[in-house]
Engineer: 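Dropping the structure in here first, questions after.
The figures that follow rest on heavy atoms only: side chains count, while hydrogens, waters and symmetry mates do not.
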Amino acid sequence: MKARSKLARPLETERFILEPMGPIRFMIETREIRRDPEILAGLFQTSKPRSAWKWARTMSLPDNRTKFAFSITPKSGGRSIGFHKVKMRGYRSAFNSVAIGDREWWGKGVVLEVRAKLMNHFFSCSDVERFYGVVEARNTASIFNYRRLGYDHVGSWHRSNQNPQTGEVVDFLNFEIFKDKWMAGPWAEKNDDA
Ligand SMILES: CC(C)(COP(=O)(O)OP(=O)(O)OC[C@H]1O[C@@H](n2cnc3c(N)ncnc32)[C@H](O)[C@@H]1OP(=O)(O)O)[C@@H](O)C(=O)NCCC(=O)NCCS
């Protein structure tokens with residue numbers, strides 16, 4: 001297995017600096033996001049605000065060994081606009097989750113640019129061979145993002161969860177992509193400078 005310390009280093013995309021956060025920075029930087037009803041609904045299907053304790057527990061804090069959270073800061077200035085997490089779990093697999101708190105940046109391809117960079121980085125610097133994600137069936141933006149990056153929809157969980165606030169029952173869609181498909185596709189960077 002290749003060293004994982006290489007994974008937790010700052011990265012750059014065309015428009016953003018991505019910085020790996022430790023658990024304390026993650027908690028500080030996500031103070032507003034964890035109280036944002038739309039973000040909470042996207043991540044947890046309920047907009048009920050989370051205490052710091054519950055947020056820490058359910059977000060599984062970054063340890064920069066198998067759990068990573070990269071802060072996303074525009075090169076054009078200003079503060080972090082959100083984060084993208086990558087959690088290594090299962091057999092050579094990595095799980096995505098993302099939240100962009102700053103509405104100015106919604107609809108501007110942030111997730112595509114950032115996720116593509118992180119995938120190239122993890123494919124190049126670790127033994128990860130598969131990325132995957134699980135999306136609530138009405139989270140259209142996330143579904144489009146997975147499809148745009150070439151992920152396959154490999155199954156659905158029907159009526160698998162219930163919103164504790166509204167009682168609504170929701171479905172989830174599973175997406176995955178393997179390294180060989182990614183490397184043959186348009187988003188692959190052949191030379192991650194790792
Ligand atoms: C998920 C999130 C990061 C997406 O942000 P984003 O990438 O800026 O999303 P966009 O608005 O660009 O939408 C992505 C794509 O879906 C399309 N889309 C979004 N909503 C749509 C709708 N209702 N119908 C049709 N297309 C839609 C957009 O047009 C866009 O496609 P394009 O790139 O071809 O134009 C952001 O909404 C967020 O932080 N949500 C809360 C947390 C969350 O849900 N995280 C993911 C959990 S799995």
Side-chain angles (χ1 to χ4, degrees), residues 1-21 26 30 39 42-45 58-72 81-100 105 108-157 160-161 171-194:
M1 187 185 292
K2 293 180 197 170
R4 283 180 175 162
S5 55
K6 273 188 170 184
L7 292 170
R9 65 173 176 83
L11 300 168
E12 204 175 312
T13 70
E14 196 184 327
R15 293 178 292 169
F16 306 105
I17 301 291
L18 312 179
E19 284 186 303
M21 295 185 276
F26 180 80
T30 57
I39 299 281
L43 292 173
F44 303 113
Q45 297 69 58
T58 44
M59 288 305 288
S60 59
L61 294 176
D63 59 13
N64 288 318
R65 276 186 340 104
T66 57
K67 294 179 278 184
F68 302 85
F70 288 82
S71 169
I72 305 167
I81 61 169
F83 64 84
H84 193 302
K85 295 180 70 192
V86 176
K87 184 171 175 178
M88 295 161 90
R89 66 204 290 201
Y91 179 71
R92 297 189 173 182
S93 295
F95 178 76
N96 293 308
S97 77
V98 67
I100 308 299
W105 284 94
K108 294 185 177 159
V110 177
V111 177
L112 298 175
E113 186 173 325
V114 168
R115 183 167 292 157
K117 182 70 200 178
L118 292 175
M119 290 177 65
N120 281 311
H121 178 56
F122 277 75
F123 279 143
S124 157
C125 298
S126 76
D127 59 5
V128 166
E129 289 172 0
R130 168 181 170 265
F131 265 84
Y132 71 107
V134 180
V135 182
E136 202 259 298
R138 279 166 306 178
N139 192 338
T140 320
S142 289
I143 293 167
F144 269 68
N145 283 335
Y146 277 117
R147 296 297 291 137
R148 278 281 293 279
L149 290 170
Y151 281 67
D152 294 310
H153 172 223
V154 292
S156 304
W157 297 331
S160 70
N161 211 344
D171 298 344
F172 287 86
L173 310 183
N174 299 290
F175 292 93
E176 72 179 11
I177 189 167
F178 286 89
K179 184 175 178 179
D180 52 354
K181 179 174 177 184
W182 178 263
M183 294 314 290
W187 299 91
E189 269 173 36
K190 311 291 181 211
N191 298 311
D192 185 282
D193 57 347

Engineer: Compare all side-chain heavy atoms of F70 with those of P20 and state whether any distance is below 4.5 angstrom.
Structural biologist: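 Side-chain contact under 4.5 Å: yes.
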Engineer: As an exercise, state the distance from OG of S97 to CZ of F83, rounded to the nearest 0.5 Å.
Structural biologist: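 Spacing of OG (S97) from CZ (F83) equals 5.5 Å.
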Engineer: Within a strict 4.5 Å, meaning less than it, do heavy atoms of the V134 and W157 side chains meet?
Structural biologist: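 They are in contact (side-chain heavy atoms under 4.5 Å apart), so the answer is yes.
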Engineer: If you look at every heavy atom in M183 and E189, which pair is closest and at what distance?
Structural biologist: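 Shortest heavy-atom contact: CE-O, 4.0 Å.
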Engineer: Using the test side chain to side chain contact (heavy atoms under 4.5 Å, CB included), find all partners of R148 that sit at least two apart in sequence or belong to another chain.
Structural biologist: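 For R148, the residues satisfying side chain to side chain contact (heavy atoms under 4.5 Å, CB included) (neighbours in sequence not counted) are L112.
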Engineer: Excluding sequence neighbours, so at least two apart, what forms side chain to side chain donor-acceptor pair (under 3.5 Å) with W182?
Structural biologist: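 If we apply the side chain to side chain donor-acceptor pair (under 3.5 Å) test to W182, skipping adjacent residues, the hits are N120.
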Engineer: Side chains of F68 and H121: closer than 4.5 Å at any heavy-atom pair?
Structural biologist: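 SC-SC contact between F68 and H121 ruled out.
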Engineer: Which distance, rounded to the nearest 0.5 Å, do you find between the CD1 of I17 and the CG of L11?
Structural biologist: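 Between atom CD1 of I17 and atom CG of L11 there are 9.5 Å.
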Engineer: As an exercise, state the distance from CZ of R138 to CZ of F172, rounded to the nearest 0.5 Å.
Structural biologist: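 Answer rounded to 0.5 Å: 9.5 Å.
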Engineer: Out of curiosity, W187 CH2 to R115 CZ, how far, rounded to the nearest 0.5 Å?
Structural biologist: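 Rounded to the nearest 0.5 Å, the CH2-CZ separation comes to 11.0 Å.
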Engineer: Going by the rule ring-ring contact (aromatic ring centres under 6.0 Å, His included), which residues pair with F44 if we only count those two or more places apart in sequence or in a different chain?
Structural biologist: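 By the ring-ring contact (aromatic ring centres under 6.0 Å, His included) rule, F44 matches no residue at all.
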Engineer: Sequence neighbours left out, what passes side chain to side chain contact (heavy atoms under 4.5 Å, CB included) with A141? Give chain and number order.
Structural biologist: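 Side chain to side chain contact (heavy atoms under 4.5 Å, CB included) list for A141, sorted by chain: N139.
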Engineer: Indicate yes or no: at least one non-hydrogen side-chain atom of N96 is less than 4.5 angstrom from one of H84.
Structural biologist: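 They are in contact (side-chain heavy atoms under 4.5 Å apart), so the answer is yes.
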Engineer: Restricting to salt bridge (charged side-chain N to carboxylate O under 4.0 Å, His left out), what partner residues turn up for R92, sequence neighbours left out?
Structural biologist: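 So R92 forms a salt bridge (charged side-chain N to carboxylate O under 4.0 Å, His left out) with E129.
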Engineer: For K67, which residues count as a side chain to side chain donor-acceptor pair (under 3.5 Å) partner, sequence neighbours excluded?
Structural biologist: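 So K67 forms no side chain to side chain donor-acceptor pair (under 3.5 Å) with any residue.
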Engineer: Test of understanding: with ring-ring contact (aromatic ring centres under 6.0 Å, His included), list the residues that count as partners of F175, not counting sequence neighbours.
Structural biologist: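 Once residues adjacent in sequence are excluded, the partners of F175 under the ring-ring contact (aromatic ring centres under 6.0 Å, His included) criterion are Y146, H153.
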Engineer: Considering residues at least two apart in sequence or located in another chain, which fulfil the salt bridge (charged side-chain N to carboxylate O under 4.0 Å, His left out) criterion with K181?
Structural biologist: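 In terms of salt bridge (charged side-chain N to carboxylate O under 4.0 Å, His left out), with neighbours along the sequence ignored, K181 is linked to D152.
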Engineer: For M119, run the side chain to side chain contact (heavy atoms under 4.5 Å, CB included) check against I177, V86, V128 and tell me which one passes.
Structural biologist: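 Considering I177, V86, V128, a side chain to side chain contact (heavy atoms under 4.5 Å, CB included) with M119 is found only for I177.
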Engineer: Taking the side chain as every heavy atom from C-beta outward, state whether L173 and I143 have any atom pair closer than 4.5 Å.
Structural biologist: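 Contact flag for L173/I143 side chains = yes.
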Engineer: Would you check, one step at a time, whether the test side-chain contact (heavy atoms from CB on, under 4.5 Å) holds for L149 with R147?
Structural biologist: CA-CA 5 Å; L149 290 170; R147 296 297 291 137; over 6 Å; no
Engineer: Can you list everything that forms a side chain to side chain contact (heavy atoms under 4.5 Å, CB included) with T13? Sequence neighbours excluded, please.
Structural biologist: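 Per chain and number, T13 pairs via side chain to side chain contact (heavy atoms under 4.5 Å, CB included) with F16, L18, E113, K117.
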Engineer: Nearest 0.5 angstrom please: I81 CD1 to K108 NZ, how far?
Structural biologist: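 Going from CD1 on I81 over to NZ on K108, the span is 9.5 Å.
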Engineer: What residues, two or more places apart in sequence or in another chain, satisfy side chain to side chain contact (heavy atoms under 4.5 Å, CB included) together with F178?
Structural biologist: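 Expected list: R130, E176, D180.
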Engineer: As an exercise, state the distance from CG of N174 to OH of Y151, rounded to the nearest 0.5 Å.
Structural biologist: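 Spacing of CG (N174) from OH (Y151) equals 12.5 Å.
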Engineer: Apply side chain to side chain donor-acceptor pair (under 3.5 Å) to S160 and list each qualifying residue two or more places apart in sequence or on a separate chain.
Structural biologist: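 Applying side chain to side chain donor-acceptor pair (under 3.5 Å) to S160 gives none.
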